[in-house]
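So the structure is just underneath, and the comments pick up after that.
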Amino acid sequence: MELSTRYEPQATEAKWYPLWNDAGCFGADANSSRPPYCIVIPPPNITGILHMGHALNNTLQDALIRWRRMAGDNALWVPGTDHAGIATQNVVERSLLAQGSSRHSLGREAFLEQVWQWRDKHGDIIVNQLKRMGCSCDWTRERFTLDEGLTRAVRTTFSRLYRDGLIYRGNYLVNWCVRCGTTLADDEVEYTDKQGKLWHMRYPIEGLPGEFAVVATTRPETMLGDTAVAVNPADDRYKHLIGRHVLLPLVNRRIPIIADDFVDREFGTGMVKITPAHDPNDYQAGKRHGLEEINVLTPDGHINENGAAFEGLERYAARKAVVAELEKLGLMEKIESHPQRVGECYRCHTAVEPYISLQWFVKMAPLAAPARKAVEDGRVHFHPEGRVNDYYRWLDGLRDWAISRQLWWGHQIPAFYDDEGNVHVPDTDEEYEQMRADARDGKLRQDPDVLDTWFSSALWPFSTLGWPDEQSADLKAFYPTSVLITAKDIIFFWVARMIMMGLHLRDEVPFHDVYFNPIVADEHGKKMSKSKGNAIDPLTLMEEYGTDALRFTLCAYASRDQHIAFNVKECEGYRNFMNKLWNASRFIFSNLEGLTAEDLAAAAPADPAARAAMPLEDRWILSRYAHTVQAVNEALTGFDFDIAVKAIYDFFWKDFCDYHIELTKSRLYGATNDPSPEATARSKSAQAMLVVILEGTLRLLHPVCPFITEEIWNALRDTLPQGFAQEAPTGQTLGAESAKAFSSTFLMTAPWPTFDPQSYIDEAAETQLELLQEVIYTIRNIRGEMKMGPGIAATIRMAAPDQPTLEALRRDTAFFHALTNLKTLEMDMEGAVSSPAFAATGMARGVMIYVELPEEMKQQECQRLEKEVARLAGEVTRLGAKLSNESFTAKAPAAVVEKEREKLFTLQEEHDTITKKLALLGND
RNA sequence: GGGCGGAUAGCUCAGCUGGUUAGAGCACCAGCCUUACAAGCUGGGGGUCCACGGUUCGAACCCGUGUCCGCCCA
């Protein structure tokens, strides 16, 4: 097969997804007896497009789900989207505005029809992007928060909570977005630091002509709604004023001067104005002191009828007007610049107003306590564990949750009012339908508001599985789900609420583990945002480097650190890895001639005795492979994605490509010149081993890099003889495991490596090969430093320090020929090796190595040895000092001391030997 | 202001329970088109592990203080 020397991801990535999907590879089976493994996707919102956070989050989910699926679990990844009440409504309203229309001119029904149209047209953009990334979601179970089933879940929850006394309606101070015309939950308000102003205003004190109460404020227009002035009761400056009244300017209202502990004596003048209807602190103070709450704003942010002459002014225009008027009256003491935090709507970034209105709330305290306990007693584990502190702190400081939104797009609140003002909340679907009918007939009126989108998100882990139908097969099979993977910035938005709802409604936690994936920032560590213009588009990266490379990069970044400074350059390195994988595979494909199913079946037996006769490099690579499988299993189990991918990277590139493949070449090529049965057998064993390792690595890597692995794996099978998989042999060999894997249609449905890594770990082979590696490294090092190009064949002699080492070297002389250009290689015991005319000298594990060189290199060799002696002398001194320190030898563990002694002994020997060599050279 | 996390090579990051001569990739330097791969191969240079104290025979790692950066909350 002719393959390009470079891996080109585009065609591969386009090819496999539809094949997998059409073959039903993504689907889970609710009736399976295999152990369930379920992840529900954090539903992206329908107005969203894929950003780096999504890319990371979904790569990790896909890696886990593909891993568990291969490992034999009944793996289900439930996909879906959320309706994003405010965001979606905003998008459609903007386009209506552009057409000179509005939702109000359309009316509720027609408007909703438009939104649905918009969602049908644009709502699956992000879903398609997830598919482009390779996400193996079960699309037959795709959900949308406004689906009939999920809507029923929302209605059921509302009734349940209402009946349980956990939902109530009342007039309270809430966060109000004047642009969206809706209330917001506390955590939907984002705060930014701005340079604002602090206005010091004078309120004339009644009965004390010429004296003023000077209050400082950042929002002067709210003074129209002031109903008191407050001082700290312990503030001696103002004690005498407590109980007096001031005359509120502009509106001429007589309001009291009260004392309250909450007043900060250091802030401003130490006197504050109290505006209960427009400030959270003042609201509380107002309740404590029974103050009147005077609302001065209209829902769209204009001054209302309570604002006297300022009625009708927009809030910022009113601010200017109020300030100008006070200045004119000489009531503005001073204006300072003042840093302040401004709360903004998380969807439209308009400054939020604290605003009193009639809303629905969820009582949080009774829900928070069990949710806290579930994490405390380990029914839900957080990874990294430290995140529990955020969770606890949020739960502990929780205020009731404002759930009604003055929007049309969403779940309309299932509460109905009759003419007497009674509230009716249906308990059943039948009651609900009846009330809807009554509402149409005008007998009842349904609450016009909708529920917070997060209200439906909180139900997602079970609503997607069929709840409230307790008999749902999916619910029975997959709830509680296995793990939730999410970004930590929505820990409150929904992790906590899902736990609360899961516990309250189903008496069970919604998931056993929560893994918080890191936040992806730009290369300078700054959070990515559209407004900053530092956002990286994952689709661009996929096009440039390939999806697998991007996925690999994201996994490599997903360490315990909760912050990723994403550097695009990293993708390049892992793109190169994909290319390496590709080219190693090409090499293997072109060297499989003559390999049979029997050859493969016999390869890599689990029985160590059966492996004893195998070449060192094969025993070694199997041991390395076994370590890698073990490392990957452990890493994925512990959500250490970076460790998993780096283990594969190092194994494949450094062990397999750099050494094992190179070492098999002589066996592979040997058969072409030598038709003997022995040579053929050697060649076939090499071929089989290459297939075993490549095939196994592809399976290990598949969860992270699904496309390239599927491509190569299929190409590998196609390269093998016809009927290969059908003859899949059984038996305790990795060759048989690979052959069996090939009976799967796809790699994605092939089994995860299940052999016991322990049985393939071969410490003796590893130690032996490390000796050879060190020797070859020493030779290459000398060649490099002595400017001996690869074209020059070297004459090498080695002197072993002892008989076992000599035997080890002699057993595998092919190793040296394979890895460096040799003319002659001689080896013997120390003393038995004849000294060459002139040679550079090196030592590796006691083995003396001579690389013959022309005499004129003597100068360079002296320099090289001097450097080496200096290095060794330094080490010897350091270790000597350590070992002559009595407190070290007395207090450190014996094993540590012994290790250091041995080290010193070896170093001392090397030092002395090299010193002698140097002396000899100098004497010439 | 409170909490959490981070600070290790020019850059991006590993370094798990203290016992290393502190690692990788990229970048850099030198040499190689060695019949899988120049997106490659081989070798090399490069770090008072933020600072200062402390614990310890021994600290990148543990404790304290400070500085800077990031995130969250008020």
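Predicted model, so just to flag it, every value in this text is computed and none were measured. Every chain is numbered from 1 and lettered A, B, ... according to where its sequence line falls, protein lines coming before strand lines. Values below: every heavy atom of this structure, side chains too, minus hydrogens, waters and symmetry copies.
- At the heavy-atom level, A:Arg783 lies nowhere under 4.0 Å from the strands shown.
- In this structure, a donor-acceptor pair under 3.5 Å is absent between the side chains of A:Glu570 and A:Thr553.
- Residue A:Tyr574 is classed as having no contact, given no heavy-atom separation below 4.0 Å to the nucleic acid.
- Evaluation of the side-chain contact (heavy atoms from CB on, under 4.5 Å) rule for A:Arg780 yields A:Tyr659, A:Ile776, A:Leu819 as partners, not counting sequence neighbours.
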With 3.5 Å as the limit, what N/O pairs link the protein to nucleotides 44-47 of chain B?
residue: B:G44; atom: OP1; partner: A:Tyr777; partner atom: OH; Å: 2.5
residue: B:G44; atom: OP1; partner: A:Asn781; partner atom: ND2; Å: 2.8

Symbol by symbol from the 5' end, with Watson-Crick or G-U pairs under 3.5 Å, [ ] crossing and | another strand, RNA chain B is (((((((..((((.....[...)))).(((((.......))))).....(((((..]....)))))))))))).

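- Annotation: side chain to side chain donor-acceptor pair (under 3.5 Å) contacts of A:Asn517 (sequence neighbours excluded): A:Asn57.
- Across the C1' atoms, B:U8 and B:C68 are found 16 Å apart, a figure rounded to whole Å.
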Pick out the pairs of N or O atoms, protein on one side and nucleotides 1-4 of chain B on the other, that lie under 3.5 Å.
residue: B:G3; atom: O2'; partner: A:Arg393; partner atom: NH2; Å: 2.8
residue: B:C4; atom: O2'; partner: A:Arg387; partner atom: NH2; Å: 3.4

Mind listing the N/O atom pairs, protein and nucleotides 35-38 of chain B, below 3.5 Å?
residue: B:A36; atom: OP2; partner: A:Tyr669; partner atom: OH; Å: 3.4
residue: B:A36; atom: O3'; partner: A:Arg586; partner atom: NH2; Å: 3.4
residue: B:A36; atom: O2'; partner: A:Asn583; partner atom: OD1; Å: 3.0
residue: B:A36; atom: O2'; partner: A:Arg586; partner atom: NH2; Å: 2.4
residue: B:A36; atom: N7; partner: A:Lys665; partner atom: NZ; Å: 3.4
residue: B:A36; atom: N6; partner: A:Glu662; partner atom: OE2; Å: 3.0
residue: B:A36; atom: N3; partner: A:Asn583; partner atom: O; Å: 3.2
residue: B:A36; atom: N3; partner: A:Ala584; partner atom: N; Å: 3.2
residue: B:C37; atom: O4'; partner: A:Asn583; partner atom: OD1; Å: 3.1
residue: B:C37; atom: O2'; partner: A:Asn579; partner atom: ND2; Å: 3.4
residue: B:C37; atom: O2'; partner: A:Asn583; partner atom: ND2; Å: 3.3
residue: B:C37; atom: O2; partner: A:Lys580; partner atom: NZ; Å: 3.0
residue: B:C37; atom: N3; partner: A:Lys580; partner atom: NZ; Å: 2.8

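- For A:Glu770, the CD atom counts as densely surrounded, since its 6.0 Å shell holds more than 12 non-hydrogen atoms of other residues, nucleotides or ligands.
- A search for side chain to side chain donor-acceptor pair (under 3.5 Å) contacts involving A:Gln908 returns A:Asp912, not counting sequence neighbours.
- Partners of A:His54 by ring pair (Phe, Tyr, Trp, His ring centres under 6.0 Å), not counting sequence neighbours, listed by chain and number: A:His51.
- Scored by the ring pair (Phe, Tyr, Trp, His ring centres under 6.0 Å) test, A:Tyr515 finds A:Phe639, A:Phe641 as partners (sequence neighbours excluded).
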Contact string for nucleotides 8-16 of chain B, one letter per nucleotide 5' to 3', B = base within protein heavy-atom range under 4.0 Å, S = sugar-phosphate only, - = neither, reads ---SBSS--

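- Using a 4.5 Å cut-off on side-chain heavy atoms (C-beta onward), A:Ile564 and A:Ile519 make no contact.
- Taking the charged nitrogens against the carboxylate oxygens, A:Arg667 and A:Glu617 do have a contact shorter than 4.0 Å, which makes a salt bridge.
- A salt bridge is absent between A:Asp658 and A:Lys654; no separation between the charged side-chain nitrogens and carboxylate oxygens falls under 4.0 Å.
- The pair A:Glu902-A:Lys899 fails the salt-bridge criterion, with no side-chain N (NZ, NE, NH1 or NH2) lying under 4.0 Å from an Asp/Glu carboxylate O.
- Ion pairing of A:Asp396 with A:Arg372 is present here, as a side-chain N (NZ or NE/NH1/NH2) and a carboxylate O approach within less than 4.0 Å.
- In terms of the side chain to side chain donor-acceptor pair (under 3.5 Å) criterion, residue partners of A:Glu861 (sequence neighbours excluded) are, by chain and number, A:Arg864.
- In terms of position along RNA chain B, the nucleotide closest to A:Glu572 lies nearer the 5' end than the nucleotide closest to the other residue of the pair A:Glu572 and A:Pro790.
- When each of A:Met788 and A:Thr889 is assigned the nucleotide of RNA chain B bearing its nearest heavy atom, the one mapping closer to the 5' terminus is A:Met788.
- The ring pair (Phe, Tyr, Trp, His ring centres under 6.0 Å) test applied to A:Phe815 returns no partner, not counting sequence neighbours.
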